Amino acid sequence: QLQLVESGGGLVQPGGSLRLSCAASGFTLDYYNVGWFRQAPGKEREGVACLSTTDSSTYYRDSVKGRFTISRDVTKKWAYLQMNNLNPDDTGLYFCAIGPRVTTAQAMCVMRPVQSWGQGTQVTVPS
């Protein structure tokens, strides 16, 4: 079973930062692309940042470019999303996900060929 567990969400003031963590349980992330997705109330889930395990290339949606950074640790058991200069539009439930390594980072975020989702962690940035 491919289990992912997110942590690190919370309430942060505009302009603040958060670091989300995603732990892989029972497997390593070597064989999968990794992505962070978010879902705001009443909106569809959207890809925020994705990473290709094949060449370590990354993809970010336009609204987070320059503010968010996706990474993976050397043990391949953890993935992270560093979020800086947060604004109210970043509010939502953030999910970690894995997908097949044959796809690109962009395809992971846009097409969402997800094999497993985490349970989500809430990020709230008040206006």
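Just so it is clear, the structure is predicted and the values come from calculations on it, not from any experiment. Residue numbers run from 1 in the order of the sequence given.
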Using salt bridge (charged side-chain N to carboxylate O under 4.0 Å, His left out), reason through D90 and R38 one step at a time and then give a plain yes or no. CA-CA 9 Å; D90 296 316; R38 68 186 178 193; 3.0 Å; yes
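In this structure the side chain of R67 reaches within 4.5 angstrom of the side chain of N87, judged on heavy atoms. Side-chain contact between I70 and Y60 is present, with heavy atoms from C-beta onward closer than 4.5 Å. Contact of the L51 side chain with the N33 side chain is not registered, since no non-hydrogen atoms from C-beta on lie closer than 4.5 Å. For the pair V110 and R112, the minimum side-chain heavy-atom distance is 4.5 Å or more. Looking only at side-chain heavy atoms (C-beta outward), L20 and M83 come within less than 4.5 Å of each other. When side chains are defined from C-beta on, Q82 counts as touching S17, because their heavy atoms get closer than 4.5 Å. Side-chain contact between Y80 and D73: present, with at least one pair of heavy atoms (C-beta onward) separated by less than 4.5 Å. Looking at heavy atoms from C-beta onward, N84 lies out of side-chain contact with F68 at the 4.5 angstrom threshold.
Minimum heavy-atom separation, V114 to M108: CG2-CE, 4.3 Å. Taking every heavy atom of both residues into account, A105 and S52 meet most closely at CB-N, 3.9 Å. For W36 against A79, the heavy-atom pair with the smallest separation is CZ2-O, 4.0 Å. Minimum heavy-atom separation, P126 to P14: O-CG, 3.2 Å. Of all heavy-atom pairs spanning A107 and P113, the tightest one is O-CD, 3.5 Å. The two residues P88 and S127 come nearest to each other via the heavy atoms CG-CA, 3.7 Å.
To the nearest 0.5 Å, atom SG of residue C109 and atom CD of residue E46 are 9.5 Å apart. The distance from atom CG of D55 to atom CZ of R101, rounded to the nearest 0.5 Å, is 10.5 Å. Separation of atoms SG (C50) and CE (M111) is listed at 12.5 Å; rounding is to 0.5 Å.
L93 and V125 are members of different hydrophobic clusters when ILVMFWY side chains are connected at heavy-atom separations under 4.5 Å. Hydrophobic clustering (ILVMFWY, side-chain heavy atoms < 4.5 Å, transitive): Y94 and V64 are in one cluster.
In summary, the side chains of R72 and T53 do present a donor paired with an acceptor at a separation below 3.5 Å, with no hydrogens or angles considered.
Residues L2, L4, F27, L29, Y31, Y32, I98 make up the rest of the hydrophobic cluster containing V34, defined by ILVMFWY side-chain heavy atoms closer than 4.5 Å, directly or through other members.
In this structure, the side chain of E6 engages the main chain of G120 through a donor-acceptor pair within 3.5 Å. Checking side-chain atoms of T124 against main-chain N and O of L11 turns up no donor-acceptor pair under 3.5 Å. At distances below 3.5 Å, not a single donor-acceptor pair connects side-chain atoms of S25 with backbone N or O atoms of Q3.
A centroid separation of less than 6.0 Å is found between the aromatic rings of W117 and F37.
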